[in-house]
S.K.: 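Attaching a single structure in structure tokens format; questions to follow.
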Amino acid sequence: DSKIATSPGNLTQFEYLALNSPLNLSDGHARQALTPAQAGIIDELPSLWADAVKRPVEEVERSAQRAYFELLGQHSHPGADGRVLACYSSSVAMEIFARALATTTDAIGLVHPTFDNIPDILRGVGMRLVPVEEHWLHDDDLPADLLRSLGCLFVTTPNNPTGKVVSEERLRRLAEQCAEYGVVLTLDTSFRGFDTRAHYDHYAILEQSGCRWVVIEDTGKLWPTLELKIGWLASSANVGLPLAKVYSDILLGVSPLVLSMVKRFSEDAAGGGLAELHRFIATNRATLRNGLAGIPDISFPDPDSRASVERLDVGSRTGLEVWTALREHNVFALPCHQFHWARPQEGEHSLRIALSRSAEAVTKATNALRAVLG
Ligand SMILES: N=C(N)NC[C@@H](O)CC(=O)C(=O)O
């Protein structure tokens, strides 16, 4: 398969290797079974199709946007002003953002570590990347000379793979600093659905700050919808980037059927499905952590994370060694060195386990890890 690299060059190529394995705990996509309520929505697809055919696409889009953004507490999203563009995926949204940004600046501060398709997309349009250590975002003001040197600050929150969430107070301060220095503040909020600490109204904070901002939302990580998903590209009125123009270079619009499905999944989530999903992920996280208890030289560096992935520090072993040994058991995890896109050696001793998987898959992977690490 041409997609599969012999020696994976990036994290997604590691994830390709896992795609056809029954124990794929590598990518952060949702692969657990549908709940009965979600299966009911899939049964509705023919009528959702018939309904979407009859209605103006703008109406379908607005109601899907409203359901999803309100579900996650984002009441001040600028959908009504046409400042939320629907894309086939969050990575397509990111590519559109990157191409638009590259017309105005060549320097971007990017959270470190984070998933490597973000720096790869940004480098692809010629951006110079400046690593912004994750803890700087949470600790205190960013240095003025750093902000003066940047056209954009890009923050993944909750971060991947750490699950760290930028708090309301910190977002307010970051937005204030970006407004002061004329820096575009961009957020990738793909994992926000898993962590209620990320459900405060980010758009209210961003709009109040007066800063130039862009937010990339992703429905794709939350529910097992066979890669049917929307990446939403939201922006401030004063962002000053040709987002709509670049969007028009890439697509005319997304499928109203997918929009309708996202709306129905959002409604089910609002009716208790989201809380059920949080409990499901927490149970899988506990299975992994408890299952590895007592193994020497193993630790969990992100005790506070609620994201659908869990990072494991494998001590003196390397993540790559453990990943390779797990493959002997037909279990696929994700070595973390490439999340550390500026200094890969810092991720050499950790491994990421996906938690949006069946309880059985997480148990089997935990047992395989015990066998490999023991
Ligand atoms: N466009 C790309 N490369 N998509 C893969 C990405 O969705 C996987 C991911 O984000 C994760 O495994 O955490």
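Just the heavy atoms: all of them, side chains too, but no hydrogens, waters or symmetry mates, feed the values below.
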S.K.: Going only through I, L, V, M, F, W and Y residues with side-chain contacts under 4.5 Å, is there a path from Val53 to Val254?
M.R.: yes
S.K.: How are the rings of Trp341 and His112 set relative to one another: parallel (under 30°), tilted (30 to 60°) or perpendicular (over 60°)?
M.R.: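 If you compare the ring of Trp341 with that of His112, the planes turn out perpendicular.
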S.K.: Please check if the side chain of Ser26 supplies one atom and the backbone of Ala18 the other of a donor-acceptor pair under 3.5 Å.
M.R.: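 Here the side-chain-to-backbone pair does not exist.
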S.K.: Could you please spell out the steps behind the side chain to side chain contact (heavy atoms under 4.5 Å, CB included) verdict for Glu310 and Arg352?
M.R.: CA-CA 6 Å; Glu310 179 79 345; Arg352 193 194 74 174; over 6 Å; no
S.K.: Under 30°, 30 to 60°, or over 60°: which ring-plane class applies to Trp213 and Tyr203, parallel, tilted or perpendicular?
M.R.: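 Geometry flag for Tyr203 against Trp213: perpendicular rings.
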S.K.: So does Pro301 get a backbone contact from the side chain of Ser299, meaning a donor-acceptor N/O pair under 3.5 Å?
M.R.: no
S.K.: Do Ser260 and Asp51 get their side chains close enough for a donor-acceptor pair, meaning under 3.5 Å?
M.R.: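 Looking only at side-chain atoms, Asp51 and Ser260 do not form any donor-acceptor pair under 3.5 Å.
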S.K.: Does Ile108 reach the side chain of Arg128, with side-chain heavy atoms less than 4.5 Å apart?
M.R.: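 Of all side-chain heavy-atom pairs linking Arg128 with Ile108, none is under 4.5 Å.
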S.K.: Would you say that more than 12 heavy atoms from the other residues, nucleotides or ligands in this model lie under 6.0 Å from the CD of Glu360, or not?
M.R.: no
S.K.: Taking NZ, NE, NH1 and NH2 as the nitrogens, is one of them in Arg279 or Glu276 under 4.0 Å from a carboxylate oxygen of the other?
M.R.: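 A salt bridge is absent here (no side-chain N lies under 4.0 Å from a carboxylate O).
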S.K.: Is a side-chain donor or acceptor of Ser21 paired with a backbone partner of Asn330 at a separation under 3.5 angstrom?
M.R.: yes
S.K.: Looking at side-chain heavy atoms only, is the closest gap between Thr196 and Arg306 below 4.5 Å?
M.R.: yes
S.K.: Between OG1 of Thr189 and CG of Leu72, what distance do you get to the nearest 0.5 Å?
M.R.: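 Rounded to the nearest 0.5 Å, the OG1-CG separation comes to 8.5 Å.
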S.K.: Heavy-atom count check: over 12 atoms from other residues, nucleotides or ligands less than 6.0 Å from Glu58 CD?
M.R.: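 Counting other residues, nucleotides and ligands, CD of Glu58 stays at 12 neighbours or fewer.
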S.K.: Please walk me through it: do Glu134 and Asn159 pass side-chain hydrogen bond (donor to acceptor under 3.5 Å, both in side chains)?
M.R.: CA-CA 8 Å; Glu134 183 185 77; Asn159 197 13; 2.7 Å; yes
S.K.: Main chain of Pro56, side chain of Glu59: is a donor-acceptor contact present, judged purely on distance under 3.5 Å?
M.R.: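 No, because the side chain of Glu59 does not come within donor-acceptor range (under 3.5 Å) of the backbone of Pro56.
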S.K.: In a check of salt bridge (charged side-chain N to carboxylate O under 4.0 Å, His left out) between Asp304 and each of Arg311, Arg197, Arg285, which one passes?
M.R.: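 By the salt bridge (charged side-chain N to carboxylate O under 4.0 Å, His left out) criterion, Asp304 pairs with just one of Arg311, Arg197, Arg285: Arg197.
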S.K.: Is there a donor-acceptor pair closer than 3.5 Å between any side-chain N or O of Arg170 and the backbone N or O of Asp140?
M.R.: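 Between the backbone of Asp140 and the side chain of Arg170 there is a qualifying donor-acceptor contact (under 3.5 Å).
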S.K.: Working to the nearest 0.5 angstrom, can you tell me the gap between Ser190 OG and Met94 CE?
M.R.: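 If I round to the nearest 0.5 Å, the distance is 6.0 Å.
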S.K.: Counting heavy atoms not belonging to Ile250, are there more than 12 under 6.0 Å from its CD1?
M.R.: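 Count over threshold, so yes.
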S.K.: Between Gln13 (side chain only) and Gly9 (backbone N and O only), is there a donor and an acceptor less than 3.5 Å apart?
M.R.: yes
S.K.: Should the pair Phe154 and Phe97 be assigned to parallel (<30°), tilted (30 to 60°) or perpendicular (>60°) ring geometry?
M.R.: tilted
S.K.: Is there a donor-acceptor contact under 3.5 Å linking the side chains of Ser167 and Glu169?
M.R.: yes
S.K.: Decide yes or no on side chain to side chain contact (heavy atoms under 4.5 Å, CB included) for Val258 and Thr225, but give the supporting numbers first.
M.R.: CA-CA 9 Å; Val258 174; Thr225 53; over 6 Å; no
S.K.: Taking Asp297 for its side chain and Ser316 for its backbone only, find out whether a donor-acceptor pair lies under 3.5 Å.
M.R.: yes
S.K.: Apply the test side chain to side chain contact (heavy atoms under 4.5 Å, CB included) to residues Asp201 and Ile205: give CA-CA distance (whole Å), side-chain angles for both, the deciding distance (0.1 Å), then the verdict.
M.R.: CA-CA 7 Å; Asp201 191 344; Ile205 306 266; 5.9 Å; no
S.K.: With the side chain counted from C-beta on, respond yes when Pro224 and Gln38 share a heavy-atom pair under 4.5 Å apart, and no when they do not.
M.R.: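 Yes. Closest side-chain heavy atoms under 4.5 Å.
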S.K.: For Ser209 and Glu176, test the side chains for any donor-to-acceptor distance below 3.5 angstrom and give the result as yes or no.
M.R.: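 Not at all, the side chains of Ser209 and Glu176 share no donor-acceptor pair under 3.5 Å.
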S.K.: Same hydrophobic cluster for Phe191 and Val165, using side-chain heavy-atom links shorter than 4.5 Å among ILVMFWY?
M.R.: no
S.K.: Quick check: does any side chain N or O of His340 sit under 3.5 Å from a backbone N or O of Pro113, one acting as donor and the other as acceptor?
M.R.: no
S.K.: Tell me whether the rings of His202 and Tyr200 are parallel (<30°), tilted (30 to 60°) or perpendicular (>60°).
M.R.: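 His202 and Tyr200: parallel rings.
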S.K.: Look only at the side chain of Arg357 and the backbone of Asn24, and say whether a donor-acceptor pair between them is shorter than 3.5 Å.
M.R.: yes
S.K.: Could you tell me if the side chain of Phe115 sits less than 4.5 Å from the side chain of Thr12, heavy atoms only?
M.R.: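 Yes. Closest side-chain heavy atoms under 4.5 Å.
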S.K.: How about Phe300 and Leu312: do any of their side-chain heavy atoms sit closer than 4.5 Å?
M.R.: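 Yes; the side chains approach each other to less than 4.5 Å.
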S.K.: Could you tell me whether Asp145 and Arg148 have a side-chain N and a carboxylate O separated by less than 4.0 Å?
M.R.: no
S.K.: Can you name the one residue among Val215, Val84, Ile96, Val246 that meets side-chain contact (heavy atoms from CB on, under 4.5 Å) with Leu233?
M.R.: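 Looking at Val215, Val84, Ile96, Val246, the match for Leu233 under the side-chain contact (heavy atoms from CB on, under 4.5 Å) is Ile96.
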S.K.: From Leu129 CG over to Asp106 CG, what is the distance, rounded to the nearest 0.5 angstrom?
M.R.: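 If we round to the nearest 0.5 Å, Leu129:CG and Asp106:CG are 10.5 Å apart.
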S.K.: Grab the two heavy atoms, one from Leu174 and one from Leu185, that are nearest each other, plus how far apart they are.
M.R.: C-CD2, 4.3 Å
S.K.: Do the side chains of Leu187 and Tyr68 join up, straight or via other hydrophobic residues, at under 4.5 Å, putting them in one cluster?
M.R.: yes
S.K.: What closest approach, in Å, do Val331 and Leu25 show between heavy atoms, and which atom pair accounts for it?
M.R.: CG1-CD1, 4.3 Å
S.K.: Output the distance between atom CZ (Phe14) and atom CZ (Phe332), rounded to the nearest 0.5 Å.
M.R.: 11.0 Å
S.K.: Hey, mind stepping through Val183 and Gln177 against side chain to side chain contact (heavy atoms under 4.5 Å, CB included) and telling me if it holds?
M.R.: CA-CA 8 Å; Val183 175; Gln177 285 201 284; over 6 Å; no
S.K.: According to a 4.5 Å side-chain heavy-atom criterion applied to Ile, Leu, Val, Met, Phe, Trp and Tyr, with indirect links allowed, do Val132 and Val184 form part of one hydrophobic cluster?
M.R.: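 In one cluster: yes.
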S.K.: Between Leu48, Val60, Leu228, which is the residue that forms a side-chain contact (heavy atoms from CB on, under 4.5 Å) with Leu257?
M.R.: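 Among the candidates, only Leu48 passes.
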S.K.: Is any NZ, NE, NH1 or NH2 atom of the basic residue among Lys221 and Asp27 found under 4.0 Å from an Asp or Glu carboxylate oxygen of the other?
M.R.: no
S.K.: Could you pull out all residues at least two apart from Glu95 that satisfy side-chain hydrogen bond (donor to acceptor under 3.5 Å, both in side chains)?
M.R.: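 In terms of side-chain hydrogen bond (donor to acceptor under 3.5 Å, both in side chains), with neighbours along the sequence ignored, Glu95 is linked to no residue.
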S.K.: In the single-linkage hydrophobic clustering (I, L, V, M, F, W, Y; side-chain heavy atoms under 4.5 Å), do Tyr88 and Val57 co-cluster?
M.R.: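 Different clusters.
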S.K.: Nearest 0.5 Å, please: how far is CG in Leu85 from OG in Ser235?
M.R.: 6.5 Å
S.K.: To the closest 0.5 Å, what do you measure between CG (Leu334) and CG (Leu11)?
M.R.: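 Answer rounded to 0.5 Å: 5.0 Å.
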S.K.: Taking side chain as C-beta onward, heavy atoms only, is Arg192 less than 4.5 Å from Gln74?
M.R.: yes
S.K.: Side chains of Val125 and Ile121: does their closest heavy-atom pair fall under 4.5 Å?
M.R.: no
S.K.: Any side-chain heavy atom of Ile353 sitting closer than 4.5 Å to one from Val309?
M.R.: no
S.K.: Can you tell me which residue among Asp188, Thr186, Thr162, Thr114 is in a side chain to side chain donor-acceptor pair (under 3.5 Å) with Thr156?
M.R.: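 Between Thr156 and the candidates, side chain to side chain donor-acceptor pair (under 3.5 Å) is satisfied uniquely by Thr114.
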S.K.: Any ion pair linking Arg264 and Asp268 (charged N to carboxylate O, less than 4.0 Å)?
M.R.: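 Salt bridge flag = no for Arg264 with Asp268.
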S.K.: Using 4.0 Å as the upper bound for N to carboxylate O, is an ion pair formed by Asp302 and Lys164?
M.R.: no
